[in-house]
Amino acid sequence: EILTPARAALDGIVDTASVTVERVPEDVDWVAQSLEGLSPVVAGRFVVHGAHDRNRIPKGLIGLQIEANQAFGTGHHPTTWGCLTALTRLLAVYRFDSVFDLGTGSGVLAIGIARATKRPVLASDIDPLAVEIALENAEINGAAHLVTAVTAAGFAHPAIVGRKFDLIVANILADPLKMLSPQFRAHALPGAAVVLSGILRTQAESVLAAFRAQGFVRERHLVKDVWSTLVLRYAG
């Protein structure tokens with residue numbers, strides 16, 4: 001049932017007689033294996049690296065040890081780079097006392113903020129495995145006492161409901177961001193900064209329009225490859 005449609009799809013491209021099906025090991029973490037050996041990524045004042053580069057962090061930068069795993073956010077994706085770059089400028093200028101990382105994945109953004117500010121960060125993800133990995137990464141990076149992570153869809157969790165934040169970061173996808181834009185407003189303090197990514201360049205204007213309708217204004221738009229990162233301010 002695999003071989004027949006595979007040969008049909010490849011017909012005219014390769015010699016389909018040479019196409020075979022082979023079972024691969026089931027106990028291999030293919031995500032981790034595909035990312036092994038990736039070099040450190042510098043984004044603003046942060047450098048995301050694996051354990052093998054722990055002792056090679058350039059002076060003056062904050063090292064974030066994030067191993068390749070099943071949670072998004074090793075630093076190699078342009079959206080993670082965009083968020084960390086945007087956060088570098090924000091954290092250099094403003095003091096944030098209540099921070100929320102929506103869709104934390106590996107926890108890289110929450111950990112980076114906690115390490116840079118030495119203040120608590122609340123993080124959430126819809127995937128309980130990601131929450132587990134984020135907490136493990138916080139421990140590895142010496143930020144376990146600062147990072148709290150919960151499993152939640154959007155803002156729907158007792159640790160989030162009713163709270164307002166002066167910094168919200170969300171590296172997820174364009175459509176969920178637009179859908180959740182009223183919730184961002186409900187949970188943003190006047191003057192709050194919001195960093196959004198997981199947005200294709202072609203989607204940036206529609207995301208911005210959704211947030212403008214909720215009282216947010218654009219402060220910065222970072223672009224890398226085909227991806228956008230938006231920095232917004234809640235006018236309140």
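Throughout, residue positions are numbered sequentially from 1 according to the sequence presented.
By the side-chain hydrogen bond (donor to acceptor under 3.5 Å, both in side chains) test, R7 pairs with no residue at all, sequence neighbours left out. Contacts of V131 classified as side-chain contact (heavy atoms from CB on, under 4.5 Å), with partners at least two apart in sequence or in another chain: D125, L135, A149, T151.
Counting heavy atoms from C-beta outward, D166 and D97 have side chains that approach closer than 4.5 Å. Put simply, the side chain of L146 does not reach to within 4.5 Å of the side chain of T117, judged on heavy atoms. Residues F165 and L122 form a side-chain contact, since some pair of their non-hydrogen atoms from C-beta on lies under 4.5 Å apart. Under the 4.5 Å side-chain criterion, counting only non-hydrogen atoms from C-beta, I66 is in contact with N141. Under the 4.5 Å side-chain criterion, counting only non-hydrogen atoms from C-beta, L109 is in contact with N171. Looking at heavy atoms from C-beta onward, V99 lies out of side-chain contact with R119 at the 4.5 angstrom threshold. Here the side chains of S124 and F100 are in contact, with some heavy-atom distance below 4.5 Å. Annotation: side chain of L102 is in contact with side chain of L180 (closest heavy-atom distance under 4.5 Å).
Closest approach of I160 to H187, counting heavy atoms only: O-CE1, 3.4 Å. Listed here is the closest heavy atom pair of A159 and R163: O-CD, 3.1 Å. What you find for V42 and L61 is that their closest heavy atoms are CG1-CD1, 4.1 Å. S197 and T79 get closest at one heavy-atom pair: OG-CB, 3.3 Å. Shown here for A114 and V147, the closest heavy-atom pair between the two residues is CB-CG2, 3.9 Å. Shortest non-hydrogen contact noted between S228 and A204 is OG-CB, 3.8 Å.
In the hydrophobic cluster analysis, where Ile, Leu, Val, Met, Phe, Trp and Tyr join through side-chain heavy atoms closer than 4.5 angstrom, I62 is grouped together with L84. Note: the hydrophobic cluster containing W227 does not contain L208 (ILVMFWY, side chain heavy atoms under 4.5 Å, direct or indirect links). At a threshold of 4.5 Å between side-chain heavy atoms, the hydrophobic network of Ile, Leu, Val, Met, Phe, Trp and Tyr places I199 and F216 in one connected group. V169 and L91 fall within the same hydrophobic cluster, defined by Ile, Leu, Val, Met, Phe, Trp and Tyr side-chain heavy atoms under 4.5 Å apart, directly or through other members. At a threshold of 4.5 Å between side-chain heavy atoms, the hydrophobic network of Ile, Leu, Val, Met, Phe, Trp and Tyr places L3 and V14 in one connected group.
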task = Verify side chain to side chain donor-acceptor pair (under 3.5 Å) between S18 and D15, making sure each step is shown before the conclusion.
result = CA-CA 6 Å; S18 68; D15 176 11; 4.7 Å; no
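To the nearest 0.5 angstrom, L177 atom CG is 13.0 Å from Q183 atom CD. To the nearest 0.5 angstrom, L90 atom CG is 11.0 Å from T85 atom OG1. Here the NZ-CG distance, from K178 to L196, works out to 12.0 Å after rounding to the nearest 0.5 Å. The OH atom of Y234 lies 9.5 Å from the CG atom of L189; values are rounded to the nearest 0.5 Å. The structure places CD1 of I113 at 5.0 Å from CG of L167, a figure rounded to the nearest 0.5 Å. Here L173 contributes atom CG and L200 contributes atom CG; the two are 9.0 Å apart, rounded to the nearest 0.5 Å.
At least one donor-acceptor pair closer than 3.5 Å links the side chain of R115 to the backbone N or O of G63.
Side-chain contact annotation: N137 with S106, donor-acceptor N/O pair under 3.5 Å absent.
Aromatic rings of F184 and F211 (six-membered ring for Trp) have centroids within the 6.0 Å cut-off, being under it.
Residue pairs satisfying the ring pair (Phe, Tyr, Trp, His ring centres under 6.0 Å) criterion with at least one member in residues 107-151, sequence neighbours excluded, are absent.
Other residues, nucleotides and ligands contribute at most 12 non-hydrogen atoms within 6.0 Å of the CZ atom of R89.
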